[in-house]
Structures are given as C-alpha cells and as structure tokens.
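First listed ligand is number 1; within each ligand, the first listed atom is number 1. Keep in mind that what you see is a predicted model, and the values were worked out from it rather than measured.
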Amino acid sequence: MRALIISDLHSNLEALESVFQAAMGEYDEVFCCGDVVGYGPNPNEVIERLIAARAHVIRGNHDRVAGGLENPDWFGESARLAALWTRAVLAPAHREFLRALPSGPAVFLEGAFQLVHGSLLDEDEYVYDEDGAADSLRMTQVPVTFFGHTHFPCVFSFDQIGETRLEAGGESEPQSSLWIHLESGIRYLVNPGSVGQPRDGDRRAAYGLFDSQAHFVKLRRVEYDIAAVQEKMRAVRLPELLIDRLMVGE
Ligand code: ZN
C-alpha cells in the first residue's frame with residue numbers, strides 16, 4: 001500500500017491542498033497523525049477535505065480542545081485564543097468529528113504500521129531526540145510508527161540491540177525530498193513534519209509518503225500560498241504571532 005502521511009494540519013487549507021496536489025498519483029490512502037485544527041483560519045474546510053479524502057485520522061491535543069473535550073488551560077496565550085476561536089466557528093458536525101477521533105496508537109495493514117500523535121507512551125509527549133524515540137520504539141513490535149506533535153520532520157531507527165539513531169531530520173539543510181529505505185528487522189519512528197505550521201525553519205508544507213511493499217519513506221516539502229492564509233487569519237483576527245510564524249516556518 002502507498003500511504004500519504006500527514007500531521008499537524010492546523011486549519012491550513014492552502015497548505016493541505018498543495019500537499020494533495022503534489023502527492024497526487026503517489027498514494028492510495030491518507031493517514032493523519034492529528035492536530036487537524038488550531039492556529040489556522042479554515043478548521044471546517046480542512047475537516048471537510050479530510051472526510052472527502054476518506055482519511056484515517058487520530059486526534060491531537062488541539063483537536064481535543066477545539067472539540068470541547070478539554071479546556072486550553074495549559075496552552076500558550078496565542079494557541080489558547082486560536083483554540084477558542086476554532087470552537088466558536090466549528091460547524092456542529094465538525095465538532096462531533098473532532099470529538100469522535102480515536103487516540104493513538106492506531107494500527108493498520110495487519111500491524112505493518114501505526115499512528116500516534118505524540119508518542120507511544122503518551123499522546124501529548126514531544127519526541128525530539130534518540131532517548132525519547134527509544135522509549136517508544138522499545139515497547140512496540142510494529143515496524144513503522146508515524147508521529148507528529150513536534151512539527152519537526154525526522155526519522156529514528158531502532159535496531160535489534162536497541163541502538164537508536166537519527167536517520168534524517170535534525171539540523172540538516174532544508175531539502176525538498178528525502179528518501180529512506182526501511183530495512184527489515186529495524187523499527188522506525190517517523191515524523192512527516194507539519195502540513196500547516198512547520199517549525200523547523202523551512203516554511204514549506206511538509207508531508208510523507210510510505211510504501212509498505214517497496215519499504216521506503218519519503219519526506220517531502222512543497223510551497224503553498226502563505227500570504228493568502230495570512231490574509232484570512234488577519235481578517236478573523238487570529239493572533240499576530242501565529243500569522244508571522246508561517247512566513248519563517250519557526
Ligand atoms: Zn500540532
């Protein structure tokens with residue numbers, strides 16, 4: 001199966017459309033590691049687009065808050081304001097969509113791969129380094145785990161003797177496409193990066209392609225109309241900080 005892997009869309013419709021366009025013809029099904037909404041100006045439209053694509057989606061922390069399952073008490077100020085704005089504009093059916101999203105891990109293709117939002121231990125944990133990746137990878141037998149939450153594209157590997165390595169991502173120069181062959185007997189923890197709010201210094205939308213038969217993962221970037229998104233955010237008075245950070249990707 002050829003899967004399009006996306007995460008952290010954050011109500012950014014232009015970025016999502018660019019990803020679908022760029023990946024067209026290269027995937028059979030869509031999988032999303034959560035944070036469909038929050039920060040951006042088009043929560044309803046992004047949810048509709050995922051429903052139309054028959055995407056398999058798990059929830060992120062922003063989805064829980066926007067769906068009203070939780071209050072944004074522990075959010076930073078601009079994230080909190082955006083979450084409350086999202087709640088107010090969500091159509092009732094889309095609020096229900098968010099509330100019904102399963103938490104990870106969600107396993108697919110008879111155990112070939114799984115999705116989590118934060119980590120295998122905690123859906124809200126941030127995995128940035130080998131230690132965090134090892135904590136998750138030692139407790140699963142599933143060969144490939146996709147995650148989000150950090151908005152940092154990367155690939156960790158975990159071999160039979162428990163050695164964990166960062167195979168891609170981190171401090172390297174921005175690239176448009178990275179191809180990683182998946183070895184058998186090794187477990188992988190892969191973050192496709194964020195579609196709607198990249199934070200690794202590359203403002204382009206990020207996504208992943210996974211081929212379960214050919215055993216590879218590709219990490220890709222694509223340009224989208226950032227100015228159009230910023231204009232919409234200004235029109236509905238979303239916080240300036242969130243508008244500005246899209247242009248720098250940090
Ligand atoms: Zn997020």
Regarding Ser18 and Arg204, do their side chains bring together a donor and an acceptor under 3.5 Å, going by distance alone?
no
Donor-acceptor contacts under 3.5 Å from residues 105-121 side chains, at least two apart:
| residue | atom | partner | partner atom | Å |
| --- | --- | --- | --- | --- |
| Gln114 | NE2 | Thr140 | OG1 | 3.0 |
| Gln114 | NE2 | Thr145 | OG1 | 2.9 |
| His117 | ND1 | Cys33 | O | 2.7 |
| His117 | NE2 | Asp35 | OD2 | 3.4 |
| His117 | NE2 | Asn61 | OD1 | 3.1 |
| His117 | NE2 | His149 | ND1 | 3.1 |
| Ser119 | OG | Leu121 | N | 3.0 |
| Ser119 | OG | Asp122 | N | 3.2 |
| Ser119 | OG | Asp122 | O | 3.4 |
| Ser119 | OG | Glu125 | OE1 | 2.5 |

Exactly one of Leu189, Val217, Ile58, Ile6 should register a side chain to side chain contact (heavy atoms under 4.5 Å, CB included) with Phe146. Which one does?
Val217
Would you call the rings of His62 and Phe75 parallel, tilted or perpendicular, where under 30° means parallel and over 60° means perpendicular?
tilted
Please tabulate, one pair per line, all N/O donor-acceptor pairs under 3.5 Å involving side-chain atoms of residues 88-101, not counting sequence neighbours.
| residue | atom | partner | partner atom | Å |
| --- | --- | --- | --- | --- |
| His94 | ND1 | Asn44 | OD1 | 2.7 |
| Arg99 | NH1 | Gly67 | O | 2.7 |

Contacts under 3.5 angstrom, residues 241-250 side chains, donor-acceptor by atom type, not counting sequence neighbours:
| residue | atom | partner | partner atom | Å |
| --- | --- | --- | --- | --- |
| Arg245 | NE | Glu250 | O | 2.8 |
| Arg245 | NH2 | Glu250 | O | 3.3 |

With 2.8 Å as the limit, jot down which protein N, O or S atoms are around the Zn ion (ligand 1).
Asp8 OD1, His10 NE2, Asp35 OD2, His151 NE2
